Amino acid sequence: MTEQPARSFPSRARVVVIGGGVGGTSVAYHLAKAGESDVVLVDRSELTSGSTFHSAGLVGQLRSDPTLTEMNRYSAHLYAELQAGDTPPGWVQCGSIRLASTQERWEEIQRQDGWAASSGLEMQLISAKEAQDLFPLMSTVGVVGACFLPTDGQVDPSGLAYALAAGARAMGVQIHTHTRVLGIDTEGEGLRRRVTRVRTDKGDIECELVVDCGGMFAAEIARMVDVRVPIVPMSHQYVVTEALFAHRETMLPSLRDPDNLVYFRQEVDGLVMGGYERSSAPWTASASSYDAVPADFNGRLLAPDDDRFVEIAENAAIRVPSIADAGIRTFINGPEAFTPDNEFCLGPTDVGGFFVAAGFCAHGIAGAGGIGKVMAEWVLEGAPPMDLWHMDVRRFGASYRSPSYTLARTVENYESYYDIRYPAHERAAGRPLRVSSAYTWHQEHGASFGEKSGWERVNVYETNSRADDEAWRPQGWAGRHWSPAVVAEHQACRSAAAIFDESSFAKIEVSGPDAARLVEWVFDNRVARGAGAVTYTQALNAGGGIEMDVTVTQLDAQVFLVVSGTAFANHDASWLRTQARALDADVRIVDVTGAWACFGLWGPNARDVLAPLTPQDLGNEAFPFMSMRDTTLGDVPVRMVRVTFVGELGWEIYCPSEYGAGLWRSLWDAGQAQGLVAGGYRAIDSLRLEKGYRVWGADVDPGHTPYEAGLGFCVRLDKPGGFLGREALAAQKEAGVAQRLVCLLLDERDEVALGNEPVRIDGAVVGRVTSGGIGYSLGASIAFVYLPVALAEAGLRVEVGIFGRWVGATVTADPLYDPTSSRVRA
Ligand SMILES: Cc1cc2nc3c(=O)[nH]c(=O)nc-3n(C[C@H](O)[C@H](O)[C@H](O)COP(=O)(O)OP(=O)(O)OC[C@H]3O[C@@H](n4cnc5c(N)ncnc54)[C@H](O)[C@@H]3O)c2cc1C
């Protein structure tokens, strides 16, 4: 397609989109479709001249995460729609096959079948022979089974970008190619810093909003405003073969054989064949330097790396034997933007008005439609239409400013791209990085560590394992990384006392003259209730969806401590900063996670363990549930907060990190006479499930309100001055909720739902599991699911799809354990 001559260069626009690949053109298209046509898209070269032009063009929809599946489904619909328009992008709905060449992969496919069912995506489990009937070139040797997704397809990547660009232009977007962004100006300091202008080699554009759709160049563009986008350009290869078959009336489905690391799709009378090499090749980024893509690297490829491609080529010939004798028409080695966790980098940043949509990890063609749609809403409305935290560019902590850490994590991901991700599998790269002050003690006492946000956290202490507890081991995948130690740790907490190192919990301090005003506006509960008050509460978006689920402790008239899950420090700090900016509040928001050790000590004997160590009266009157006291324990100054995440009497105990090792030892020694056991996060998860405590990102999220999540008891609709999301909640309260989070008890104790399993009634899928696990006090397998409110009654029978088996379950009143919280308030 020939490009239209550019109009005169604009000196201002509301939105500037940087990058003319599938990402930028889709964002521009969807901004205009949403009614914002005051948009200028610039590209330093031709459209599609980054990674887009050399893509293989496969469009697969099913992902492990329902959100991305929904986005990719939208993409497929959009591409079909564009195909019927004036600039068809070469979309063909040819379907796709995924093979299981091992038993474990077959189990994974059965699990994926459950995901497809809960996402409403058509998927068929088929035999090796049926797969071969659909893709006659393949050998069935070693194939255990397969699945077929008839609505998947392929598209011409450049054609797609041009179709989106044409649509955007038709709706008023200006597109200026050969226009290189040289700098981005901002004004204001700290929270008030905002973009004001994009400087290009064709002139400056005043603007309110910038969307960095720079693909593998996105990190370089973000550095212009001191924002870190942890993207590594990685070489990615495929070949196009010479003719392998005679003319076909219908296009072959694409074929993936992850156990052999390869994929195929039809290209005229040959095949595109590529895969993920076990030895990756980062490009221009190193352990000591950020990406540095050459200034003239547009419309260009890297030299073929035959050596790295040998394993892929050999495996390809196992699955498609005729490929061994076929000549190679084209060898593509193109760089693509990969991220440390294989998820996109989307959304706003800490610079007002500066958004990112990049890092598409070799599925940007499949993702582009959905990405453009969610980004347009995010940019224009200030919030995405669904929970996108796992794709949110702000999820990366400060450690990702390091090029070596970013590289190590990205390389590990690339090289294990097609590996089966077992639940509770732990990553290895870049560890250990962040450790608690009691880390050495944990190591010496048999701790098995997991990693979250760079923190080493104790999953279990293997030394707590008892042979008899093996009987609790769950079936299948849930039993793979399971340890019997979790049973002993759980039971000790219920019967005596257990101590947990929660130092990684995110701790954000909000202080300043407007701190009380800010937290009262942000949270749905009353939080500014005087020094020492501790409040369980949620921060909501304008639609009433839950953005944060936290405890807030008022430390002083102008100081509040917000405590949240390990992985949410950046998210929560960022949410608070965004609201502070909107309120123009005079506050300081600081992540103080590393400065404070935090140990949870809970169980019926907790008071007896702690009382001898402290001058503080720990009785209910002097120290009621949901309050905080500054005191000492042994020699250590501490802040004790009477809260629980396990449903037992006890405290979270905070001290400055340098005291942590000593405090842990004192607590441990004091607890020995009381049966104190050290426990890990696996036990916490089981304890909290029984008590019905929700986890943000799984059971509660921005798509659900407190009323739907069973957290209506936190909502103070009558709070003076209101709060963000109040109107939506008031309307929902009036109208009644449509769905509700309910607790399920599964009929079989050793069948464990891991999340995303479909839940059905009379054969119709009505929901999907948010989280699940075994409650070792109740002796039951528990799961949570949102159900239509008409169905959400105790006693209702449902079925949960676990690895292809439908397991009976009953909706049960929640919480299952200590519903009156008498133990917590003991
Ligand atoms: C070999 C290979 C095979 C692939 N196969 C598939 C597949 O089968 N399916 C799939 O879904 N995905 C696939 N992908 C991934 C897909 O191609 C990418 O995710 C997608 O094209 C990225 O699009 P983008 O818009 O983010 O980036 P790009 O296409 O790289 O666009 C970024 C643009 O930003 C511009 N730019 C950069 N700096 C500046 C500046 N300073 N000023 C102005 N403009 C600037 C660049 O010129 C460029 O045009 C594959 C990728 C590769 C490499």
Side-chain angles (χ1 to χ4, degrees), residues 16-28 40-61 72 75-76 79 96 152-158 160-161 164-165 176-184 198-202 210-224 231 233-240 254 256 263-265 272 274-276 283 291 293-302 330-339 344-346 356-372:
V16 175
V17 175
I18 306 173
V22 283
T25 51
S26 183
V27 168
V40 173
L41 183 151
V42 293
D43 195 289
R44 69 185 205 171
S45 181
E46 300 288 339
L47 296 180
T48 87
S49 63
S51 296
T52 298
F53 81 96
H54 51 66
S55 172
L58 278 75
V59 177
Q61 298 167 86
N72 288 359
S75 294
Y79 304 165
S96 80
D152 278 355
Q154 63 181 61
V155 70
D156 166 24
S158 293
L160 176 62
L164 291 164
H176 293 267
T177 54
H178 298 281
T179 304
R180 184 180 299 259
V181 173
L182 303 172
I184 300 167
V198 170
R199 286 188 281 113
T200 81
D201 57 1
K202 295 281 166 60
V210 174
V211 193
D212 174 0
C213 299
M216 66 178 153
F217 318 80
E220 177 188 314
I221 294 168
R223 287 197 288 272
M224 295 176 186
I231 278 176
M234 304 282 287
S235 137
H236 194 51
Q237 310 191 91
Y238 66 84
V239 296
V240 186
S254 53
R256 291 181 184 81
Y263 64 79
F264 309 86
R265 75 156 173 81
V272 162
Y276 283 83
W283 183 59
D291 49 277
V293 179
D296 61 351
F297 196 87
N298 279 97
R300 287 171 54 187
L301 294 169
L302 304 174
T330 321
F331 195 127
I332 301 283
N333 181 2
E336 157 72 342
F338 279 82
T339 65
F344 305 148
C345 291
L346 306 182
V356 178
F360 297 162
C361 307
H363 50 283
I365 305 301
I371 289 166

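Keep in mind that this is a model prediction, so the values were computed, not measured. Counting starts at 1 for both ligands and their atoms, following the listed order.
At under 3.5 Å, a nitrogen or oxygen of Ala362, whether backbone or side chain, sits near a nitrogen or oxygen of ligand 1. Taking only nitrogen or oxygen atoms, main chain and side chain alike, Cys361 does not reach within less than 3.5 Å of ligand 1. For ligand 1, none of its N or O atoms has an N or O atom of Gln237 under 3.5 Å away. The distance criterion of under 3.5 Å between nitrogen or oxygen atoms is not met by Ser45 with respect to ligand 1. Backbone and side-chain nitrogen or oxygen atoms of Ile332 are examined, and none is located within less than 3.5 angstrom of a nitrogen or oxygen of ligand 1. Of the N or O atoms in Gly334, none lie within a sub-3.5 Å distance of an N or O in ligand 1. Between Ala358 and ligand 1, no pair of N/O atoms sits closer than 3.5 Å. Close N/O approach between Glu46 and ligand 1 is not found [any backbone or side-chain N/O within under 3.5 Å].
Atom 42 (N) of ligand 1 has its closest protein heavy atom at Val181 N, 2.9 Å. The protein heavy atom nearest to atom 5 (N) of ligand 1 is Ala56 N, 3.0 Å. The protein non-hydrogen atom at the shortest distance from atom 29 (O) of ligand 1 is Thr52 OG1, 2.5 Å. Closest to atom 17 (O) of ligand 1, if we only count protein heavy atoms, is Ser55 CB, 3.1 Å. Shortest contact from atom 34 (O) of ligand 1 to any protein heavy atom: Gly19 CA, 3.3 Å. For atom 2 (C) of ligand 1, the nearest non-hydrogen atom of the protein is His236 CD2, 3.4 Å. Protein heavy atom in closest approach to atom 19 (O) of ligand 1: Glu336 OE2, 2.6 Å. In this structure, the protein non-hydrogen atom closest to atom 9 (N) of ligand 1 is Leu58 O, 2.9 Å.
Residue Ala366 approaches ligand 1 through these ligand atoms, each under 4.0 Å from one of its heavy atoms: 10 (C), 11 (O). Annotation for ligand 1: atoms under 4.0 Å from non-hydrogen atoms of Gly20 are 33 (C). Of all atoms in ligand 1, listed by their number and element, those nearer than 4.0 Å to a heavy atom of His363 are 10 (C), 11 (O), 12 (N). Taking every heavy atom of Arg180 and a limit of under 4.0 angstrom, the matching atoms of ligand 1 come to 42 (N). The Gly21 neighbourhood of ligand 1 comprises atoms 25 (O), 29 (O), 31 (O), with distances under 4.0 Å to a heavy atom of that residue. The distance from ligand 1 to the heavy atoms of Ile221 drops below 4.0 Å at these ligand atoms: 38 (N), 39 (C). Taking every heavy atom of Gly215 and a limit of under 4.0 angstrom, the matching atoms of ligand 1 come to 26 (O), 27 (O), 32 (C).
Closest non-hydrogen pair, Ser49 versus Ser45, comes out as OG-CB, 3.5 Å. Of all heavy-atom pairs between Gly20 and Asp43, the closest is N-OD2, 2.6 Å. Closest of all the heavy-atom pairs between Thr52 and Ser158 is CG2-N, 4.3 Å. Here the closest heavy-atom approach between residue Pro335 and residue Phe297 is recorded as CG-CE2, 3.6 Å. The two residues Ser96 and Asp152 come nearest to each other via the heavy atoms OG-OD2, 2.7 Å. A pairwise comparison of heavy atoms in Gly364 and Val22 identifies O-CG2, 3.9 Å as the closest pair.
Under 4.0 Å from ligand 1, not a single heavy atom of Glu220 appears. When non-hydrogen atoms are compared, ligand 1 lies under 4.0 Å from the backbone of Thr179 (N, CA, C, O) but not from its side chain. Only the side chain of Tyr238 comes within 4.0 Å of ligand 1, judged by heavy-atom distances. At a heavy-atom cutoff of 4.0 Å, ligand 1 is contacted by the side chain of Asn298 but not by its backbone. Contacts of Cys213 with ligand 1, taken as heavy-atom pairs under 4.0 Å, involve the backbone alone. Only the side chain of Ile18 comes within contact range of ligand 1, with a heavy atom under 4.0 Å; no backbone atom does.
Here Met234 contributes atom CE and Thr339 contributes atom OG1; the two are 10.5 Å apart, rounded to the nearest 0.5 Å. Atom CZ in Arg44 sits 8.0 Å away from atom CG in Asp296 (nearest 0.5 Å). One distance of note links CZ of Phe264 with OG of Ser254; it measures 11.5 Å at 0.5 Å rounding. In this structure, OG1 in Thr177 is found 7.0 Å from NZ in Lys202, a value given to the nearest 0.5 Å.
A donor and an acceptor atom, one from each side chain of His178 and Glu46, are located under 3.5 Å apart.
Side-chain atoms of Arg199 do not come within 3.5 Å of backbone N or O of Val181 as any donor-acceptor pair. With hydrogens and angles ignored, the 3.5 Å screen pairs a side-chain donor or acceptor of Ser26 with a backbone N or O of Ala368.
Residues passing the salt bridge (charged side-chain N to carboxylate O under 4.0 Å, His left out) test with Arg223 are Asp291, sequence neighbours excluded.
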Extract all donor-acceptor atom pairs below 3.5 Å that involve side chains of residues 211-219 and protein atoms in other chains or at least two apart in sequence.
unit_1: Asp212; atom_1: OD1; unit_2: Gly214; atom_2: N; d: 3.0

**Request:** For the pair Trp283 and Phe338, evaluate ring pair (Phe, Tyr, Trp, His ring centres under 6.0 Å) and give the outcome as yes or no after the intermediate values.
**Result:** CA-CA 11 Å; Trp283 183 59; Phe338 279 82; over 10 Å; no
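Taking the six-membered ring where the residue is Trp, Phe344 and Phe360 present perpendicular rings, their angle passing 60° and hence far from 30°.
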